[in-house]
Structure formats: C-alpha cells, structure tokens
Amino acid sequence: MRDSWAASSLVTIDRHNAMTGQDFSARIVMRLNLGCGRDKRAGYINVDKYPVFEPDQLVDLEQIPWPFADNSVDEIVLHHVLEHLGQETRVFLAIVTELYRVLKVGGVVEITVPHPRSDLYLGDPTHVRPITPAMFHLLSKKNCAEWSRLGTPHTRLAEILDVDFEVGQIRNRLAPAWAQKAEREKWPQARVREAAELYNNVVEEIIFTARKAS
C-alpha cells in the first residue's frame, strides 16, 4: 500500500497565455478508482477495502463518511462496484451523498454496471440492487422541479438528499450473440432498443456518466 494519496494524484499545469506574462500554476487533479479490486488504473488513487488487492488506500465504501475532503475529486470510476454496495436503502443513499460531497462541481463519476435483466446481474449473489441511468435521473434537481410542476410520482431524491447530478453519455454493451446478430443484420439503434426492451440478456453492461451539476 502506498503511504500517500498524493502519490497517485495527477498534477496538471494550467497554462496561462504567455503573452500576459502570467506565471504557470499547478493544480492537483484527483481521480479515484473506487472498489478497484485488481483493476488498477494509472493516474488514479486505487481504493478497495480488501488488503489482498494491495490498493493505494484501504477504504470500506459502506462506512460513512469517506476519508476524502469536500469538493476535492475531479473524477470517480465505479467499474462493477455500485451494484454490490448498500443493501440497506439508507446505506446506499448515504453512498450517493458521499459521491456528491467529494466531487468538485463539474466533476464526473463513470459507472459501469451489469444490466439488471442479464444473467451477468442475476447470477451473482453479491449483487444487492440494480443500477440504471433512470435511478440517477432522480438525483437531478432540474428533473425534480419539472416533475413537481407536472405532478408526476417520481421520488424527488435530489431534493431529499440535497444532491444534484446530471446524467451524461449512456452506452450499452450487447451480449456477444446479440451483438453479432445486430452487426450481421445491420440493425439501427431503434431495433437494438426494441430488442433490449422485449428480451432478457440482450444488453450485458450499462456504462454511463453523471456530473455534479451544482
């Protein structure tokens, strides 16, 4: 295990216009790879609770608060991690709040999870809840304000937790057999979406980003 978190931080240089005569200045860019397991990433602080993986920092993500400062993190990666955390709803919502607390405004979390209607999700007894982009839509104050205006039954999690995320890019990784079929038959995206809605095991993974909006 490394002695210092800073050892895994990236240092970038903010270059001002040389014509202004301003000096170069450096800022620390902190990137966290939470629940890293053996997926160590260069330029990230690799965090896990199991010593066997020799992470840069030992942290149990279900123990709140996390040992990171408020508004200190530029980027968080959760690669096949979030579906394992917070079997109790209160613990899961506390984890969401911690993600929001430690991210800088504009900071991004990249989430990769198994699709809830895939054997990749259903076959693992350590998966405690499905994770979808729709869940993170509940964490947007803009969305909550619109739902209040329309009188819809969506849970106003952004208001309840006082967090504000905006979902960005969403990608789906198809199961190999479906990917081959879609490629062979040159399916448009609409056909892929239709198949994913009608059948299990079409999509294996969902990859999406969420940005701390305010």
Side-chain angles (χ1 to χ4, degrees), residues 5 9 28-37 44-49 55 57-117 121 124 126-172 203 205-214:
W5 293 22
S9 300
I28 299 297
V29 175
M30 183 180 286
R31 297 184 173 98
L32 302 180
N33 180 19
L34 299 182
C36 64
Y44 290 78
I45 301 174
N46 296 287
V47 176
D48 206 285
K49 72 175 183 179
Q57 191 73 20
L58 282 171
V59 179
D60 183 345
L61 298 175
E62 293 187 317
Q63 296 298 312
I64 308 300
W66 296 345
F68 304 95
D70 295 0
N71 305 303
S72 62
V73 180
D74 296 86
E75 180 186 339
I76 294 173
V77 168
L78 287 161
H79 184 75
H80 285 279
V81 174
L82 205 50
E83 68 272 18
H84 296 270
L85 300 178
Q87 186 169 17
E88 295 182 44
T89 300
R90 64 174 182 82
V91 175
F92 181 77
L93 294 181
I95 289 168
V96 169
T97 302
E98 283 298 279
L99 285 172
Y100 183 78
R101 179 184 67 80
V102 304
L103 278 172
K104 298 175 181 177
V105 174
V108 173
V109 54
E110 181 182 90
I111 297 166
T112 303
V113 290
H115 192 282
R117 291 173 57 206
Y121 175 77
D124 190 332
T126 69
H127 292 165
V128 300
R129 70 177 62 249
I131 307 294
T132 65
M135 174 191 293
F136 271 75
H137 286 312
L138 301 176
L139 303 171
S140 162
K141 288 187 175 178
K142 179 180 177 181
N143 288 345
C144 287
E146 179 65 8
W147 294 329
S148 293
R149 186 183 70 82
L150 296 173
T152 68
H154 296 84
T155 302
R156 314 294 200 266
L157 280 181
E159 297 174 356
I160 294 168
L161 301 177
D162 193 22
V163 301
D164 192 13
F165 286 100
E166 290 183 355
V167 174
Q169 184 182 42
I170 302 171
R171 292 175 288 147
N172 293 315
V203 177
E205 279 185 334
I206 308 170
I207 306 101
F208 67 99
T209 60
R211 182 179 67 88
K212 181 174 178 176
S214 63

Sequence neighbours excluded, the answer for side chain to side chain contact (heavy atoms under 4.5 Å, CB included) partners of V96 is F92, L139, L161, F165
With sequence neighbours excluded, tell me which residues meet salt bridge (Lys or Arg N to Asp or Glu O under 4.0 Å) with R171. none
For E205, what residues pass the salt bridge (Lys or Arg N to Asp or Glu O under 4.0 Å) criterion, not counting sequence neighbours? R173
Residue pairs passing the salt bridge (charged side-chain N to carboxylate O under 4.0 Å, His left out) test with at least one member in residues 57-73, sequence neighbours excluded, are D70-R101
Sorted by chain and number, sequence neighbours left out, side chain to side chain donor-acceptor pair (under 3.5 Å) with T126 holds for H84, D124
Partners of E88 by side chain to side chain donor-acceptor pair (under 3.5 Å), sequence neighbours excluded? R90
ring-ring contact (aromatic ring centres under 6.0 Å, His included) partners for W66, two or more places apart: none
According to salt bridge (charged side-chain N to carboxylate O under 4.0 Å, His left out), does anything in residues 149-161 pair up with another residue at least two apart or in another chain? List the pairs. E146-R149
Under the side chain to side chain contact (heavy atoms under 4.5 Å, CB included) rule, collect the residues that match up with P114, sequence neighbours excluded. H80, E83, S118, L120, Y121, H127
Once side chain to side chain donor-acceptor pair (under 3.5 Å) is applied, do any residues pair with N33, and if so which ones, sequence neighbours excluded? N46
Who pairs with S214 by side chain to side chain donor-acceptor pair (under 3.5 Å), at least two apart in sequence or on another chain? D164
Assign the ring pair F208 / F136 to parallel, tilted or perpendicular, where the plane angle (0 to 90°) is split at 30° and 60°. perpendicular
